[in-house]
J.: 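This is the structure I want to talk about, given as structure tokens.
Note that the structure is a prediction, hence the values are computed from the model and not measured. Throughout, a chain's letter reflects where its sequence line sits, starting with A, and its residues are numbered from 1. These values consider heavy atoms only, across backbone and side chains, with no hydrogens, waters or symmetry-generated copies.
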There are 2 protein chains.
Amino acid sequence: MPNPRVVSLDKIKVACQNCTLSALCLPLGLKEADVEKLDQIVKRSRPIQRGEALFHIGDPFQNIYAVKTGSFKTFVQSADGGEQVLGFHLPGELIGLDAILDNQHGCSAKALETSSICKIPFLQLETLATQLPSLQHQVFRLMSGEISKDTNMLMLLGNRSADERLATFLLSLSRRLAQRGFSATEFNLSMSRHDIASYLGLAVETVSRLFTRMQQEGLLQVDRKFVRLLDMDRLDELCEKNPHCHGRQLLP
Amino acid sequence: MPNPRVVSLDKIKVACQNCTLSALCLPLGLKEADVEKLDQIVKRSRPIQRGEALFHIGDPFQNIYAVKTGSFKTFVQSADGGEQVLGFHLPGELIGLDAILDNQHGCSAKALETSSICKIPFLQLETLATQLPSLQHQVFRLMSGEISKDTNMLMLLGNRSADERLATFLLSLSRRLAQRGFSATEFNLSMSRHDIASYLGLAVETVSRLFTRMQQEGLLQVDRKFVRLLDMDRLDELCEKNPHCHGRQLLP
DNA sequence: GGCGGGCATTGATCCAGGTCAAGAAGCCGA
DNA sequence: TCGGCTTCTTGACCTGGATCAATGCCCGCC
């Protein structure tokens with residue numbers, strides 16, 4: 001059976017104009033001609049292997065990255081040698097927006113599976129954005145989304161129990177995957193239990209136990225990386241204990 | 001003794017050109033003539049009383065706000081009626097940047113003391129930013145700073161103990177106050193213990209106990225709202241257990 | 001000036017989740 | 001196919017900080 005993850009050369013070269021992610025990414029709201037201008041500054045890379053780094057903390061800031069296929073995590077090294085995971089990034093999401101202020105990356109990013117990205121030189125993007133108001137607007141929107149994503153995460157870490165955190169994480173993943181045309185109820189976790197635990201501010205053992213318990217309670221099925229969400233309603237209830245958000249989604 | 005917090009009419013009317021905060025705020029990097037253009041779209045308000053709201057969650061998004069004097073907190077209502085504090089905002093800091101994506105505010109903001117703000121209509125700011133590249137750049141920078149601030153907070157909430165959190169909070173406050181020309185070692189907390197606890201993901205009682213203990217250990221003196229930091233070195237040590245950040249500051 | 005109500009402190013108790021330790025189950029590469 | 005990784009799961013135990021409860025303290029208001 002052919003592996004659906006294998007990316008053909010054609011796909012690597014796909015331009016923004018033809019990219020299925022354009023409604024989630026920078027081209028949103030741009031006229032056809034303007035997308036072409038954007039396309040000219042975007043650099044598309046060869047596939048990136050699982051574990052390969054996109055950039056390291058402290059690297060000088062030159063590009064922002066849009067995930068095209070696969071997934072990434074961003075993280076910092078803890079003093080004790082461990083990793084603190086800051087986020088997971090799916091196709092159409094931008095990485096590196098936190099580096100503009102200091103002109104250096106404030107975290108590291110590495111691929112969780114074989115992935116591909118679009119590299120966007122930030123100086124050129126800025127120049128283009130002054131010429132294309134709707135591009136500027138979209139950059140503002142995406143950065144704003146990054147901020148609300150983070151504040152939602154703060155709410156989650158600030159005062160939610162372990163099972164609420166895991167349920168919120170799974171539903172967030174489900175929703176984002178569905179937006180990208182994947183199944184909302186069945187998917188593979190590209191990140192390790194350790195990554196999930198770090199992201200949610202929990203111990204690995206706790207995450208493992210929660211998966212087991214949620215499976216026993218019929219909320220989901222889990223087999224290694226594979227997850228099937230069985231009872232979305234009860235998972236939702238777990239999340240809705242969360243702060244009242246006036247219809248806004250918790251997590252991006 | 002005259003109250004130094006009382007704001008005279010002159011100060012309310014101060015233009016960006018003369019504002020002492022311009023190096024921290026939107027005007028940074030702008031030419032004199034451009035600052036004047038920015039100044040023309042900024043609306044300055046009468047003082048805002050302690051407890052008064054700047055906006056509520058769900059309000060349509062029209063303006064971003066720059067704190068001129070005083071301080072604010074942003075927060076959301078929890079399901080149980082409590083408040084989850086998302087951030088504290090000092091003079092020169094912007095509020096409302098998380099609302100661009102959804103066109104509505106994702107949190108509420110209220111004054112912690114008598115304060116004043118500059119209101120900036122976002123549509124006009126966007127228009128001006130297309131004309132003034134360095135203004136656009138500064139907006140990007142400030143939004144980027146907001147993102148790194150939040151990710152630093154995630155690190156703090158993700159895996160730091162209660163005393164590390166409080167120490168980090170106090171030093172962050174100290175540094176920001178110093179940037180603004182106030183004392184780095186003696187200041188008044190404009191927020192309640194409850195606000196601090198919520199922000200740091202702790203219980204009020206824990207914060208109270210920590211203040212007491214840190215005072216006993218000679219790290220600081222605390223009397224109600226007033227704090228004097230006595231041993232910056234040891235406070236620093238507490239924070240440096242934090243993830244390795246390549247010289248970047250934890251918290252904004 | 002005294003009283004009432006929120007805010008802060010302190011003490012006592014409890015438990016969610018961390019830590020430690022020991023397998024089990026995949027996942028290579030030889 | 002085996003042996004040595006790493007990752008994951010499960011169990012036993014422990015503790016940091018939450019929770020509950022009581023008291024003190026300040027500040028605004030009549």
J.: Is it the case that atom CZ in B/R180 sees more than 12 heavy atoms from other parts of the structure closer than 6.0 Å?
T.: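 Yes, the 6.0 Å shell around CZ holds more than 12 heavy atoms from other groups.
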J.: Grab the CD-C1' distance between B/E164 and D/dG17 for me, whole Å please.
T.: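 So the CD-C1' distance, B/E164 to D/dG17, works out to 14 Å.
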J.: Might you work through the salt bridge (Lys or Arg N to Asp or Glu O under 4.0 Å) test for A/D223 and A/R228, ending with a clear yes or no?
T.: CA-CA 9 Å; A/D223 176 28; A/R228 175 178 292 142; over 6 Å; no
J.: Does B/T206 put a side-chain nitrogen or oxygen below 4.0 Å from OP1 or OP2 of D/dA18?
T.: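 Checking D/dA18 against B/T206, a side-chain N or O does come within under 4.0 Å of OP1 or OP2.
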J.: With a 6.0 Å cut-off on the ring centroids, do A/Y65 and A/F55 count as close?
T.: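 Yes: the rings meet the under 6.0 Å criterion.
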J.: Which nucleotide, D/dT10, D/dT19, D/dG17, lies nearest any side-chain atom of B/S161?
T.: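 Nearest nucleotide to the side chain: D/dG17.
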J.: Counting N and O atoms only, with roles assigned by atom type, does the side chain of A/R165 sit under 3.5 Å from a partner on the main chain of A/R160, one being a donor and the other an acceptor?
T.: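 Pair found, side chain donor or acceptor close to backbone of A/R160.
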J.: Find which nucleotide of DNA chain C each of B/E205 and A/A203 is nearest to by heavy atoms, and output the residue with the more 5' nucleotide.
T.: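 Comparing both residues, the 5'-ward one is B/E205.
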J.: Rounded to the nearest angstrom, tell me the gap between atom CZ in B/R165 and atom C1' in D/dG17.
T.: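 About 10 Å, once rounded to whole Å.
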J.: Any side-chain heavy-atom pair from A/D102 and A/F61 closer than 4.5 angstrom?
T.: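 Of all side-chain heavy-atom pairs linking A/F61 with A/D102, none is under 4.5 Å.
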J.: Quick check on the helix from C/dG1-D/dC30 to C/dA30-D/dT1: what's the angle between its two end axes, five base pairs per end, to the nearest 10°?
T.: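 Answer for the end axes of this duplex: 40°.
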J.: Hey, is A/D150 close enough to B/K149 for a salt bridge, meaning N to O under 4.0 Å?
T.: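 No, this pair does not count.
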J.: Please check if the distance between the ring centroids of B/F88 and B/Y199 is under 6.0 Å.
T.: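 They qualify: ring centres under 6.0 Å apart.
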J.: Hey, is the main chain of A/P47 close enough, under 3.5 Å, to the side chain of A/S116 for a donor-acceptor pair?
T.: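 Pair absent, no side-chain N/O of A/S116 close to backbone of A/P47.
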J.: Answer with yes or no whether B/R209 presents, from its side chain, a donor or acceptor under 3.5 Å of a partner atom in the base of D/dG16.
T.: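 No such pair is found, so the answer is no.
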J.: Mind checking which nucleotides bracket the chain B contacts on DNA chain C, 5' to 3', with an atom under 4.0 Å from a heavy atom?
T.: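 The protein-touched segment is C/dA8 to C/dA12.
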J.: Treating B/R234 as the side-chain partner and B/E217 as the backbone partner, does any N or O pair qualify as donor plus acceptor under 3.5 Å?
T.: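 Yes, B/R234 side chain to B/E217 backbone: donor-acceptor pair under 3.5 Å.
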J.: Return the polar atom pairs (N/O with N/O) between nucleotides 4-8 of chain D and the protein under 3.5 Å, or none.
T.:
from  : atom 1 : to     : atom 2 : distance (Å)
D/dC8 : OP1    : A/R193 : N      : 3.3
D/dC8 : OP2    : A/R193 : N      : 3.2

J.: Please determine if A/E186 and A/K225 form a salt bridge, counting it only when a charged side-chain N lies under 4.0 Å from a carboxylate O.
T.: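 Looking at A/K225 together with A/E186, the answer is no, because their closest N to O distance does not fall below 4.0 Å.
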J.: Do B/E113 and B/S71 have side chains that approach each other closer than 4.5 Å (heavy atoms only, starting at C-beta)?
T.: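 Yes - at least one pair of side-chain heavy atoms lies under 4.5 Å apart.
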